[in-house]
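The structure appears right after this line, and notes come after that.
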There are 10 protein chains.
Amino acid sequence: MPTKGELPSPDILETFPNPYPKRDYSNKMICEEFTSVCPKTLQPDFGRLSIRYNARDLCVELKSLKLYLQQYRNHGAFYEKLTNDILRDLVNLLTPHWMHIKAEFSSRGGIHSVIEVSYTSSEDDPPELESLESDEDESE
Amino acid sequence: MPTKGELPSPDILETFPNPYPKRDYSNKMICEEFTSVCPKTLQPDFGRLSIRYNARDLCVELKSLKLYLQQYRNHGAFYEKLTNDILRDLVNLLTPHWMHIKAEFSSRGGIHSVIEVSYTSSEDDPPELESLESDEDESE
Amino acid sequence: MPTKGELPSPDILETFPNPYPKRDYSNKMICEEFTSVCPKTLQPDFGRLSIRYNARDLCVELKSLKLYLQQYRNHGAFYEKLTNDILRDLVNLLTPHWMHIKAEFSSRGGIHSVIEVSYTSSEDDPPELESLESDEDESE
Amino acid sequence: MPTKGELPSPDILETFPNPYPKRDYSNKMICEEFTSVCPKTLQPDFGRLSIRYNARDLCVELKSLKLYLQQYRNHGAFYEKLTNDILRDLVNLLTPHWMHIKAEFSSRGGIHSVIEVSYTSSEDDPPELESLESDEDESE
Amino acid sequence: MPTKGELPSPDILETFPNPYPKRDYSNKMICEEFTSVCPKTLQPDFGRLSIRYNARDLCVELKSLKLYLQQYRNHGAFYEKLTNDILRDLVNLLTPHWMHIKAEFSSRGGIHSVIEVSYTSSEDDPPELESLESDEDESE
Amino acid sequence: MPTKGELPSPDILETFPNPYPKRDYSNKMICEEFTSVCPKTLQPDFGRLSIRYNARDLCVELKSLKLYLQQYRNHGAFYEKLTNDILRDLVNLLTPHWMHIKAEFSSRGGIHSVIEVSYTSSEDDPPELESLESDEDESE
Amino acid sequence: MPTKGELPSPDILETFPNPYPKRDYSNKMICEEFTSVCPKTLQPDFGRLSIRYNARDLCVELKSLKLYLQQYRNHGAFYEKLTNDILRDLVNLLTPHWMHIKAEFSSRGGIHSVIEVSYTSSEDDPPELESLESDEDESE
Amino acid sequence: MPTKGELPSPDILETFPNPYPKRDYSNKMICEEFTSVCPKTLQPDFGRLSIRYNARDLCVELKSLKLYLQQYRNHGAFYEKLTNDILRDLVNLLTPHWMHIKAEFSSRGGIHSVIEVSYTSSEDDPPELESLESDEDESE
Amino acid sequence: MPTKGELPSPDILETFPNPYPKRDYSNKMICEEFTSVCPKTLQPDFGRLSIRYNARDLCVELKSLKLYLQQYRNHGAFYEKLTNDILRDLVNLLTPHWMHIKAEFSSRGGIHSVIEVSYTSSEDDPPELESLESDEDESE
Amino acid sequence: MPTKGELPSPDILETFPNPYPKRDYSNKMICEEFTSVCPKTLQPDFGRLSIRYNARDLCVELKSLKLYLQQYRNHGAFYEKLTNDILRDLVNLLTPHWMHIKAEFSSRGGIHSVIEVSYTSSEDDPPELESLESDEDESE
């Protein structure tokens, strides 16, 4: 059974220098094979994650992203929380100009869910990343 | 035969705290298996409901949403009324930043219908929820 | 052969009170089975009509809409004229906040046509419906 | 072999009066069966033409449009030139409020091309149609 | 093994005069058969390139574009770099009003990537093309 | 209202000689725009007819087939009867080696119907066409 | 809660004489809007029923079929049983040459089910319909 | 106007030796861009040709096949005749074990046509190719 | 890391009596959310399992099937072995008339795999189930 | 330029023991990313390879198959030859009960090709693999 202590860790993520930091471009990485565990029923959930960002100085290395997302395989979390957790980890890692994550989960009881979350910064005004920490942590 | 007294009740809906209340994100829940009854012909209607919202402090729990929508199974109501009723119940429950509902009904006599309704609020100016009550109730 | 006297009549259309007149929502009705007659060749034309509107006080009843559209079955009219005629009849009936009609006709000689027309009003400034009358009537 | 003298002529195009000149609506005509000849290789090219416009006083008659487009069957021209030529001919004929042409050509050597061109006018400020003449004519 | 010296060269690209330089139109060229080599694993990558631009005085000749893109067949580069390199080469060649490139790469380890980059200029303010040179060159 | 006397007549059908009577080949003609009238409700029905046959000495001319099928536009008949009637008329006309008709009708009350009927002959043993006459005629 | 006494009854089904009893043809009726109740969880199930048969003397009337299938709306039965029950009722009613039913049920817990059952007879050897009675009745 | 003398000639077709004559395999060549002219209306027809064969000693060279099929561009022939003509020319050229041609033509007046023709031989019993000559030639 | 001792166990599977054991019908259960682990790379694999069978006396209960398949989530096995293992477990459980399993695995390195395996029995000659035991067990 | 000496070698292929050699099952491996070089034009070709076989004692290891197919990346061969070459190499390696290869190549000049080849053996009568050697080798 997944426990709180087994939180996916962003330490596994790696970066490489943005080859064109002065150019305005976006990078979308689509993971068709995301799976996690429902914290209530302990049943597996399946989904599709689209992560799009505009790199500042760093790009995320694809293989390390794959390994990071695999950490959720036996981790129990609500859709709303894990989508925001992933955004938080990647924004902390990359401090991009902006990032958007869309998480589509497969049907449960005839209903499927799609969570979308955005982060936006400006070059001159870097984000206060503290505000990206999980708000839930305090309310718990 | 469905009667007025058998109205679907929002009391069955449950919530949980929004894990990231300071983050701007949306949650879309798509129910492919909605069915109700035509109040004129008493024949069953079938549809697909998309409910998208930006949570303030509360999120709706998915299983309770499923049970709430199942209450319409033997309930007779026009498309226009039931789509707005569902919006009213969920806005009253969640007081979200905004909510959008799209209800697509299957073909009857070669014509199918799509109802779309939106509710928008602002954090500083919470909606007067009275205005969301069914206007029809008075006109009847 | 279709003649001018056999014009489809809006008298067959019926309405019911908008259950949520204070709410901002739209209603799209899609008729996959529209057919009329080409006034030049007297050959049948086939199409798909999407009628979307934002109701003010009245909604159009679906069965009466079906019967209204069936009147075009043996009626001869150019695509441009009949699409606008249907808009005129429905705006006159409903005085909606706005209405949009999209009419897609099947291929003739390797070319198919799509007509789109919009009507917009404002609550404080109801449309002068005379301007919706067929402009062609005068020019003929 | 196609020669310069065999230019498609707009003289074959016919019009009819716009039945609703005071109404704001669009007309899209999609030709799935466009074919021309590559001026370099003399090999046939195939494409799909979408012509959309907002009529002022005149509409183009569909059968004459079909015959006009068939004139390109054995005519040699680059995609960029023929798409703009067709826009020029139709704008000269109809003086519409606006017109948009999208020409999608099938794959050659693993690459296919899509040309899109727009013309916009205003009722009070009719376009100087001279500026629509092929700029290429002078540069040649 | 691909080496730095084997860089794809834009010298192979050819142009022809824009037949309608005064007209505002776009040209999209879609290459379904792009392939390059991963610089880390030396495994082949496959993708789909969409290049859209608004020509100023010059258009790129399609066959030369095909040969230019084939130079990447045995060239090793990260997605982020090669997409930007292609933009740089084509902007240097054409000095278009604007250009947009979308590069979709096939799945690796369950994740596929989409890179999108835009260049915009204005007629009166031609771009300082130096800023389009690879920023990476300096950082290396 | 459609009456018995207005039966579609096969007299409108025309033939031309099979250009390859010694070759074994099939010809499928697909009419996407078939419409008739329900004899019970007098409401229009819509469908898609696929007629496939192996010609002996005669082929059916396409334009005459179109006009023949248009005769059903205001004719009232059950799906089962009209599909078999069309088979009877075309077999009587062509005496093909074999013929197969598939008629797909659009949804009514959530149910759509597909009727398929086959006729097979042999060159040496031509069919007794009397057996193809409507069996219903006697039972009425 | 559905109880055993509320069994769907075939008495609601109506027939009409096969208009072409000597012809070999099939009739497929596809109901996209089938719904029943899971006897274990009492949760609604949704599915798509395809019923295809070769009529002997009788055809089933479509509207009565629709009403018959609606009886399953609040009836609790396993997929395997209700699909076979429907076959039994329709074979008893029509004694067709053959009948095939395919029932596709929507996903539950990531698994969806498709039940297919066939009945075949011969004109000279009518089926012993007793063998079509539910075998389950005895085992219960 | 196309005349009889302008018949497409198989002389343009080229072959190369089958690299695996002892192996049983098939080769399908699909031409999405076939066009010819209707001999009655002189209007262009468009279609999609699938040619599949099992080579004996010779394979058809693809570029020469393309040029052969382009000869039909301005040639007037009925679908039934030209499909069989192409089979005849290719069987005469290749004497394959078998060949199958499927020709799908785009919609005219709401009806589109699909012609399919097969040729079969056996290694020990080569076909009498005379029987493949157009039967029409004699009847004309 | 998955070890040999953690083999998925068929003990979790449950059955219920076939409601129509004398009827010939099939039951297909499609699991879109199968996942296991590659025994070489320890990377997760994803797939879609279709299990179709003709029940003799027993049917497999759907929820227990779901839990049985979830046991492969952290189990390492080659596609060829696990597909055959699942067939063995289900045939041992149900002794069906026949069973077919199709397992489609997602792409790895640009290649995806589809394993299909069938088991057939006859009522009078029940299968020697020993032959269904993994042959691999001996060779290891 | 590809030369004869650079022939793809089957030596790179690896096998593992069939885990269920007594079971009758098939394995399909689909490579979406096959590319080779046209021996005439030296232009790259792109395709999709489906390899399906029924293993006897050996299965092909997926990664080695990927590397084997990558050897064709800069190899020049006609579609007919390379498809048969791959069959020959894999049959020599695996001596399967049967193997089927389908190779779909992308469009060149508006024509795309699909090659299909089968090999069948029997357990008691192993194939004389010599007959699988390229017949072309002698004729050259």
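Excluded from the calculations below are hydrogen atoms, water molecules and symmetry mates; all remaining heavy atoms, backbone and side chain alike, are included.
- Neither the backbone nor the side chain of C/Gln70 comes within contact range of chain B; no heavy atom of the residue lies under 4.5 Å from a heavy atom of that chain.
- If you measure heavy-atom distances from C/Asn27 to chain B, the contacts under 4.5 Å come from both the backbone and the side chain.
- Between C/Met29 and B/Ser113 the shortest heavy-atom distance is CG-OG, 4.0 Å.
- For a residue to count as touching a neighbouring chain, one of its non-hydrogen atoms must lie under 4.5 Å from one of that chain's; by this rule C/Phe16 touches chain B with the side chain only.
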Item to check | B/Asn84 vs C/Tyr25, side chain to side chain contact (heavy atoms under 4.5 Å, CB included): CA-CA, chis, key distance, verdict | outcome: CA-CA 9 Å; B/Asn84 278 289; C/Tyr25 72 99; 3.7 Å; yes

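- Closest of all the heavy-atom pairs between C/Tyr20 and B/Arg88 is OH-NH1, 3.6 Å.
- Close approach to chain C, defined as a heavy atom under 4.5 Å from one of its heavy atoms, is seen in B/Gly109, B/Gly110, B/Ile111 of residues 102-111 of chain B, taken by number.
- At least one side-chain heavy atom of C/Glu61 sits under 4.5 Å from a side-chain heavy atom of B/Lys40.
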Item to check | Worked check of salt bridge (charged side-chain N to carboxylate O under 4.0 Å, His left out) between B/Glu116 and C/Arg52 | outcome: CA-CA 10 Å; B/Glu116 286 186 77; C/Arg52 192 177 181 199; 3.1 Å; yes

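- Counting all heavy atoms, side chain and backbone alike, C/Pro19 lies closest to B/Glu80 at CG-CB, 3.8 Å.
- Each of C/Asn54, C/Asp24, C/Leu49 has some count of heavy-atom pairs under 4.5 Å with chain B, and the biggest count is that of C/Asp24.
- Interface residue C/Cys31: backbone and side-chain heavy atoms are both found under 4.5 Å from chain B.
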